[in-house]
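Read through the structure below, which is laid out as structure tokens, and then see the notes.
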Amino acid sequence: MATNLCRVLPACSRAALNGRIRMSLSATSCCHPKMITRMSHHEVPVPPGETRTESDTFGPIKVSTSAYYGAQTARSMYHFNIGIPTDRMPLPLIEAFGLLKKACATVNKQFGLDKKVSDAIAQACDEVIAGKLNDHFPLSVWQTGSGTQSNMNVNEVVSNRAIQLLGGTMGSKKPVHPNDHVNKSQSSNDTFPTAMHVAAALELNRRLHPALKHLHAALNKKSKDFASIYKIGRTHLQDAVPMTLGQEFSGYTHQVAMSIERLKTCEPRLYELAIGGTAVGTGINTPKGFGKFVAAELKELTKLPFVDAPNKFEALATHDTMVELSGSLNTLAVSLMKIANDIRLLGSGPRCGIGELVLPENEPGSSIMPGKVNPTQCEAMTMVAAQVIGNHVAVTVGGSMGHFELNVFKPLIIKNVLHSIRILSDVCHSFTDHCVVGIEPNTAVLDRYIRESLMLVTALNPHIGYDKAAQIAKKAHKEGTTLREAALALGHLNAEQFDKYVNPKDMV
């Protein structure tokens, strides 16, 4: 039993069992020697080229002289070389961190941080915000679930750049220390969730909302342009009663409008910031009102209505707001999937499909079939929708991982939320500009379907009853005749009555 326990219990647990199970250092011989070596081995390979020495609590480490990051970033690069370069921490999050660190430096100055240090931090943060230092944020999303290494990546880059601006030596941590100054009154546990909210809010407002408004306007215009064009509706993929093409497009328009409304509904909670909660939500090592003052600074910097979160424990331990936001993005994806599928099906053909819509021809569609053109914008839209739906599954699982006082799936959550926002924004612009604005009705096909539809018989229900109307429809379908011919043959109506009651324009 002792042998099995020593494989799975940490040292503190083994010590707690002392008296019931006697163990000594020799008992660790049950562990593989390489495992013991790995547990105490903190060396990181020396990068090529010129280096400087950085240090952290694990000791000194060599870092490229051209890099602004320090020891903790270098260790993370080595220990979490996962999915690089494609899965680097999203740049909108880095920008949000720059805004946050600048706001914190400004507030810390009010609470006694040296003005020279604060101003140098703010100047370095401006470069982070502007994207000038993007190459110095190399870390993978797949790291510690709190995002600590990325918080320290920002602290180290800002610290070294501020030191450089002040004429100091990079790596010296003087006169600007990454923890004592850049991270003053903060913890990774409150800065990372704050940066998550700031990044998501910025991307929503500068990317997704404009893209959705653009799509909504284009669909709304088509709805009005097509208001007097009649067609046959479809339910269960089968012929139904008449409607206008404008009415059909009005449904798509309202779907987009409701998606915009859903996103705006969850935004007030997105503006609530965790900063000031520090390690577990109690606000240890922060001056009174720190979170409120930082939120006010961020409001000024971004022109977005950020506020101090009313409960820091919820803000650190959960990401329910991010799950809610992702849910709204998921709903948007579902709506866009329906819209794009409808449009490509209505435009299917050109000779052997439904063919009611003529879609823009943007590029050749086949490497073997000459002249073929495909509904590629619809295909891109539906693929994006599928990806967003998948992203939401990951966010949902990540959101459920708020064990005790800290959610530890933060990087995964923000990666997927920002990815969803970005690809939805881009595809809405693309779909609008390269598909929606160029859609035209195929009036010849629409008119033919109206004339040939059996479901026009529905208009006869109030006059001859459901059963007799059904007889007319079945006879016409079986014999390949028109409804008018079948009605007259059955004697349920005369020609004048049929022409009076069955008028597609009176049925919408």
Side-chain angles (χ1 to χ4, degrees), residues 8-13 38-39 42 56-58 72-73 75-84 87-90 92-94 96-97 100-101 137-156 178-179 183 186-200 269-270 272-286 291 309 311-327 390-420:
V8 298
L9 292 180
C12 59
S13 299
R38 191 176 297 117
M39 289 168 64
H42 307 307
D56 58 13
T57 56
F58 273 29
Q72 292 200 43
T73 302
R75 292 190 198 282
S76 182
M77 291 169 66
Y78 176 65
H79 291 119
F80 298 99
N81 184 18
I82 306 169
I84 295 298
D87 284 3
R88 283 173 57 182
M89 199 64 72
L93 184 74
I94 302 303
F97 258 117
L100 174 59
K101 296 295 178 180
F137 299 99
L139 297 189
S140 171
V141 167
W142 316 115
Q143 53 167 277
T144 174
S146 62
T148 299
Q149 279 111 22
S150 283
N151 180 45
M152 284 307 303
N153 185 184
V154 177
N155 290 334
E156 290 173 344
N179 294 81
N183 202 59
Q186 304 155 57
S187 162
S188 299
N189 296 353
D190 66 349
T191 57
F192 202 94
T194 298
M196 290 170 67
H197 279 224
V198 172
R269 289 170 291 286
L270 192 62
E272 296 177 359
L273 303 180
I275 193 68
T278 60
V280 297
T282 60
I284 189 172
N285 291 350
T286 59
N311 188 296
K312 303 296 185 180
F313 305 103
E314 185 271 347
L316 270 62
T318 83
H319 284 299
D320 293 350
T321 296
M322 300 301 288
V323 176
E324 179 187 12
L325 170 59
S326 182
N391 287 351
H392 181 54
V393 173
V395 172
T396 301
V397 174
S400 71
M401 294 297 166
H403 301 143
F404 305 122
E405 278 63 63
L406 188 68
N407 178 288
V408 290
F409 272 59
K410 299 182 191 299
L412 171 138
I413 292 171
I414 192 58
K415 173 191 185 297
N416 283 283
V417 168
L418 290 177
H419 185 228
S420 292

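Here, residue 1 is the first one in the sequence, and each next residue gets the next number. The structure presented is a predicted model; accordingly, all values stated were derived computationally and were not measured.
If you take CZ on Phe97 and OG on Ser150, they are separated by 7.0 Å, rounding to the nearest 0.5 Å. Summarising the geometry, atom OG belonging to Ser326 is positioned 12.5 Å from atom NE2 belonging to His419; distances are rounded to the nearest 0.5 Å. Here the straight-line distance linking atom CG of Leu325 with atom OG of Ser420 works out to 9.0 Å at 0.5 Å rounding. Atom NZ of residue Lys415 and atom CG of residue Asn391 lie 7.0 Å apart, to the nearest 0.5 angstrom. Here His79 contributes atom NE2 and Gln149 contributes atom CD; the two are 9.5 Å apart, rounded to the nearest 0.5 Å. Between atom CE of residue Met196 and atom CD1 of residue Ile414 there is a gap of 5.0 Å, rounded to the nearest 0.5 Å.
You'll find the side chain of Phe137 stays beyond 4.5 Å of the side chain of Met89, heavy atoms only. Within the 4.5 Å cutoff, the side chain of Asp87 has no heavy atoms near those of the Ile82 side chain. A 4.5 Å side-chain heavy-atom check between Leu139 and Gln143 finds at least one atom pair inside the cut-off. The closest side-chain heavy-atom distance from Val154 to Lys101 is below 4.5 Å.
No side-chain donor-acceptor contact under 3.5 Å links Arg88 to the backbone of Val141. Between the Glu156 side chain and the Asn153 main chain, no donor and acceptor come within less than 3.5 Å of each other. Checked by atom type and distance alone, the side chain of Asp190 pairs as donor or acceptor with a backbone atom of Ser187 at under 3.5 Å. For Thr191 (side chain) and Gln186 (main-chain N/O), no donor-acceptor pair under 3.5 Å exists by modelled atom type. Here the side chain of Ser76 pairs no donor or acceptor atom with the backbone of Gln72 at under 3.5 angstrom. Between the side chain of Ser146 and the backbone N or O of Asn189 there is no donor-acceptor pair closer than 3.5 Å.
Donor-acceptor pairing under 3.5 Å is recorded for the side chains of Asn151 and Asn183.
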Do any side-chain atoms of residues 401-413 form donor-acceptor pairs under 3.5 angstrom with protein atoms, and if so which ones, sequence neighbours left out?
unit_1	atom_1	unit_2	atom_2	d
Asn407	OD1	Phe409	N	2.8
Asn407	ND2	Gly398	O	2.9
Lys410	NZ	Leu316	O	3.1
Lys410	NZ	His319	NE2	2.9
Lys410	NZ	Asn407	O	3.4

**OP:** Assess whether side chain to side chain contact (heavy atoms under 4.5 Å, CB included) is satisfied between Val395 and Val417, documenting all intermediate values.
**Re:** CA-CA 7 Å; Val395 172; Val417 168; 4.0 Å; yes
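The number of heavy atoms from other shown groups lying within 6.0 Å of CG (Asn285) does not exceed 12. More than 12 heavy atoms of other shown residues, nucleotides or ligands fall within 6.0 angstrom of atom CD1 in Ile84.
When the side-chain hydrogen bond (donor to acceptor under 3.5 Å, both in side chains) test is applied to Glu314, the partners found at least two apart in sequence or on another chain are Thr318.
The two atoms that bring Pro178 and Met152 nearest to each other are CB-CE, 4.3 Å, heavy atoms only.
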